Amino acid sequence: MKKIGILGSTGSVGTQALEIIEQYPDKFELVFISGHTNLKKLMEQKKRFKPKFVCISDDKAYKVYKDQNLKDKNITGGYEGLIELCDRDIDIALNSIMGYKGLYMSIKLIENKIDLALSNKESIVQAGSILTKLAKQKKVNIFPVDSEHSALWQCIIGEKNETIDKLILTGSGGPFRTLKKNKFQSIEREQALKHPNWSMGSKITIDSATMMNKGFEVIEAHWLFDIDYKNIEIVIHPESIIHSMVKFIDGSIKAQLSNPTMRIPIQYAFTYPDRLISNDTEFDFVLNNKFSFEEVDFNKFRCIKLAYEAGQKGGTYPVALNVANDLSVDLFLRDKINFIDIERVIEDCLNSHSSVSDPSLKDIKYAVKDTENFIKKFKF
Ligand code: MN
């Protein structure tokens, strides 16, 4: 029996994780869940999946809850509530919190020697060196819950790192793959929120539209698999069937394929090195008989280029990249800036950032604050 905790249970990945746990009651025990602002959904999940502990991480939502309900010692709130959950006795935690603040939970979980199923890619983008070092020191596993990295992981198992020539990340290209760059100025929020293949939360859907998501995934792959940036490539694969590939030094290429579903990466992180039967992922080669590939357009999707540069420069550049992206996506979602401004704001942030090499957690926190302040000073 594996004891599991889920941070960010009301999001798309968290919801699917709960369904997997529910399907295998003899394999998994749900210890805790946390949600941010979607109180209604969190309470429905509490009722249906019966976790021992619940955290309402948004302070306002927690206050609303407290005002309407009797005190329940198993329901906590805010940042402290989240940190408290990380101290619970569990075997593995899924961190599917949205955005850069998820880092602090990742660190706390690893410090507590809890295996990490990592869906909060912002954790590793910002603090890849800290997380991977700490995980090694604490003998903790970081299992990727990202379709590309799960694919890479599945391709690499049983191979030696020195035989890897290239990691090839696939990307659908998002909703604006065929749109001309001069049309980017007039992209509306609703257009950017429509992803052709994946149904996800709004932040990551925008990250897919700007392709910053793919840029983050390059940095994520660098840290998870200890591979140099020059050996990580992206290829556009609009069908989203091949989730990523590994090319070995003898020229052999392994790929991992399935219908676009997060169920497999989530489940595999929970069951590794085992696999469990799942009936809803039948793949039909005849129905899916076209696999196509295109080059990445780095001029059109500047965010990918900015991410490669920030990753290669290292230090706290990826922190600035990540926080600037989080905040500019939020500004776009609130109609404060245009779609095309997202990459501009991030680039300005990076240009004015003074990086600290081999950063400590304190340096990272400082870089977060610094970037937040930089964005606040912008006049939108
Ligand atoms: Mn992904």
Side-chain angles (χ1 to χ4, degrees), residues 8 11-17 94-100 102 106 116-126 128 131 142-156 167-177 192-225 227 229 232-246 255-270 281 293-294 296 301 303-304 306-308 311 318 321-322 325-326 329:
S12 158
V13 167
T15 306
Q16 292 176 73
L94 170 66
N95 183 355
S96 49
I97 283 179
M98 188 196 77
Y100 61 89
S106 291
L116 186 60
L118 188 61
S119 172
N120 175 264
K121 69 185 80 178
E122 292 90 342
S123 293
I124 207 125
V125 168
Q126 294 174 98
L131 284 186
I142 302 176
F143 300 130
V145 179
D146 195 342
S147 60
E148 294 78 2
H149 305 77
S150 181
L152 294 171
W153 177 32
Q154 294 179 59
C155 292
I156 288 171
L167 304 181
I168 306 161
L169 288 159
T170 55
S172 69
F176 307 128
R177 180 175 59 91
L193 282 171
K194 270 194 203 110
H195 195 277
N197 304 341
W198 297 90
S199 129
M200 308 171 287
S202 53
K203 196 256 170 183
I204 188 169
T205 305
I206 301 301
D207 287 349
S208 300
T210 62
M211 292 203 70
M212 180 57 96
N213 182 53
K214 211 47 61 185
F216 283 165
E217 289 179 351
V218 168
I219 301 176
E220 191 185 2
H222 164 77
W223 289 113
L224 285 175
F225 304 108
I227 300 287
Y229 283 101
I232 305 173
E233 288 180 1
I234 301 168
V235 66
I236 301 302
H237 167 51
E239 295 81 12
S240 296
I241 298 296
I242 296 175
H243 300 306
S244 277
M245 300 177 265
V246 180
Q256 187 264 348
L257 293 73
S258 76
N259 290 324
T261 169
M262 280 310 290
R263 191 189 156 105
I264 298 172
I266 300 167
Q267 184 171 300
Y268 193 59
F270 286 169
T281 49
F293 303 95
E294 294 165 16
V296 184
F301 297 104
C303 284
I304 306 182
L306 295 173
Y308 261 107
L321 175 88
N322 186 46
N325 179 66
D326 246 41
V329 167

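Both counts, for ligands and for their atoms, begin at 1 and track the order of listing. Keep in mind that this is a model prediction, so the values were computed, not measured.
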Review point. So, for His243 and Asn259, which heavy atoms are closest and what is the spacing to 0.1 Å?
Key: NE2-O, 3.6 Å
Check your understanding: Which is the closest N/O/S atom of Glu217 when seen from the Mn ion (ligand 1)?
Key -> OE2
Check your understanding: In terms of heavy-atom contacts, does CE of Met245 have more than 12 from other residues, nucleotides or ligands at under 6.0 Å?
Key -> yes
Exercise for review: Quick one: report the N, O or S atom of Glu148 that is nearest to the Mn ion (ligand 1).
Suggested key: OE1
Exercise for review: Could you tell me whether the side chain of Ile236 reaches within less than 4.5 Å of the side chain of Met211, counting heavy atoms only?
Suggested key: yes
Point to revise | Nearest atoms (heavy-atom pairs only) where Ile219 meets Tyr229 | key: CG2-OH, 3.5 Å
Point to revise | Asp146 atom (N/O/S) at minimal separation from the Mn ion (ligand 1) | key: OD1
